[in-house]
Engineer: 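What follows is a single structure, and I will ask about it in a moment.
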Amino acid sequence: MALYRRLSRNRHVFRRHSIAALYSSGDLTNPSPTVLYSPLINPFQFSSSDDHNHTLNSRKLLTFYSPHSSRIELSGFRQVLHFSTLANSEEKKKNEQQKPSWVDTYLPQKIRPYAHLARLDKPIGTWLLAWPCMWSIALAAPPGSLPDVKMMTLFGCGALLLRGAGCTVNDLLDRDIDTKVERTRSRPVASGVLTPFQGLTFLGFQLLLGLGILLQLNNYSRILGASSLLLVFSYPLMKRFTFWPQAFLGLTFNWGALLGWAAIKGSIDPAVVLPLYASGVFWTLVYDTIYAHQDKEDDLKVGVKSTALRFGDSTKEWISGFGLACISSLALSGINADIGWPYYTFLIAASGQLAWQIWTVDLSSRADCNRKFVSNKWFGAFIFGGILFGRLL
């Protein structure tokens, strides 16, 4: 009851202050219901002393403006709630953006910019690059056997290094564009924390470590792996010339589907490996189109292209087609590899996960697009689990 009485008193005081604001503006003879509220007035800021101080002046105004007072109160109160909600939302978003990652918490300060340049604080890219490698290595294992753990470790490290190198190349080539995009303007090179020369030096260091891993593979795999560098260096430029940079990313990110099999077998089996590679490309078209919807407004301003802009309102129809092609290619690869029935059970589960992404994603929400994008690590895990158990059973 005490709360109710206070809210009731504040309501009347707010009404008088709203009318007083109109009175001071000189708009008494022709009040407009669309301009009835000043954001400087807060209905919860008045105390009992305020009520006493404004009684005399407001009484005359209430008599003059009584037909409009309820409208004033309702309009003002709605705007107060609206401004309060917006402020809370922006504050929550700002706090989430400023939340420190493990890179900022545990690494020495001098190393942090390089870790951010390699996206070590965002491991989803490494997962998406590593999964096609793991699929291929597991698929190349003999029936009844586990995949080669040493080779999986090498490819896991290679995925981490190659993903970091790709991000470094991307940031060096896109540093002028990144400064104009909200999501990317804080990146080390774009923000000026690292110079282009420092970024180039770091790129050389990553490629040198990657070469050390590549030299541990057979000759066929070395040549095949080195040929992927053409895609790594050209992909960041594609967004300037075509609306299909996500397709080029798919060709780049899924090269491990070819390389993993070759590292085990010494060559590739087109009937098994090419459908596997194609499935990865279609998968990339799904998740990276969803990801690209985060930047579509900025991309339009800057003048770069993406499948998100190409598909527009038809995005869900397009990525549904890509998703169907991905699952079909995975099924064909499994059939040609003569894999056991558990693979197809996991494939059904992976299909459900992919369908959930496509049907439920809110393409107008950056946060939801990012959540769906990150969830693709589970799609990759389902496929790997299916291949693993399909080979064992």
Engineer: Measure from the side-chain N and O atoms of R163 to the backbone N and O of L128, and report whether any donor-acceptor pair falls under 3.5 Å.
Structural biologist: no
Engineer: Do K372 and D362 come close enough that some side-chain heavy atom pair is under 4.5 Å?
Structural biologist: no
Engineer: Kindly say whether I137 contributes a backbone atom to a donor-acceptor pair with the side chain of D148 at under 3.5 angstrom?
Structural biologist: no
Engineer: Describe, in one word, how the ring planes of Y291 and F373 are oriented to each other, choosing from parallel (under 30°), tilted (30 to 60°) and perpendicular (over 60°).
Structural biologist: tilted
Engineer: When the aromatic ring centroids of W131 and W135 are compared, is their separation below 6.0 Å?
Structural biologist: no
Engineer: Closer than 3.5 angstrom, by distance alone: can the side chain of R240 be matched with the main-chain N or O of P236 as a donor-acceptor pair?
Structural biologist: yes
Engineer: Show your working on side-chain contact (heavy atoms from CB on, under 4.5 Å) between L274 and L258 and close with a plain yes or no.
Structural biologist: CA-CA 8 Å; L274 291 184; L258 307 175; 4.3 Å; yes
Engineer: Evaluate D174 against K239 for salt bridge (charged side-chain N to carboxylate O under 4.0 Å, His left out), listing each step before the verdict.
Structural biologist: CA-CA 10 Å; D174 286 353; K239 64 173 72 73; 2.8 Å; yes
Engineer: May I ask you to check whether F311 and W244 place their ring centres under 6.0 Å from each other?
Structural biologist: yes
Engineer: Does T179 use its side chain to pair, donor to acceptor, with the backbone of D176 at less than 3.5 Å?
Structural biologist: yes
Engineer: If we only count heavy atoms from C-beta on, is the V361 to C369 side-chain gap below 4.5 Å?
Structural biologist: yes
Engineer: May I ask you to decide if Q198's main-chain N or O and T195's side chain share a donor-acceptor pair within less than 3.5 Å?
Structural biologist: yes
Engineer: When rounded to the nearest 0.5 angstrom, what is the spacing between OG in S364 and NE2 in H293?
Structural biologist: 10.0 Å
Engineer: Could you check whether any side-chain N or O of D121 sits under 3.5 Å from a backbone N or O of V103, counting only pairs where one atom can act as donor and the other as acceptor?
Structural biologist: no
Engineer: Between Y287 and W283, what is the ring plane arrangement, given parallel below 30°, perpendicular above 60°, and tilted in between?
Structural biologist: perpendicular
Engineer: Within the structure provided, determine whether L229 and L207 are in side-chain contact (heavy-atom separation under 4.5 Å).
Structural biologist: yes
Engineer: Okay, side chain of D295, backbone of D298: is any donor-acceptor separation there less than 3.5 Å?
Structural biologist: no
Engineer: Taking R391 for its side chain and P142 for its backbone only, find out whether a donor-acceptor pair lies under 3.5 Å.
Structural biologist: no
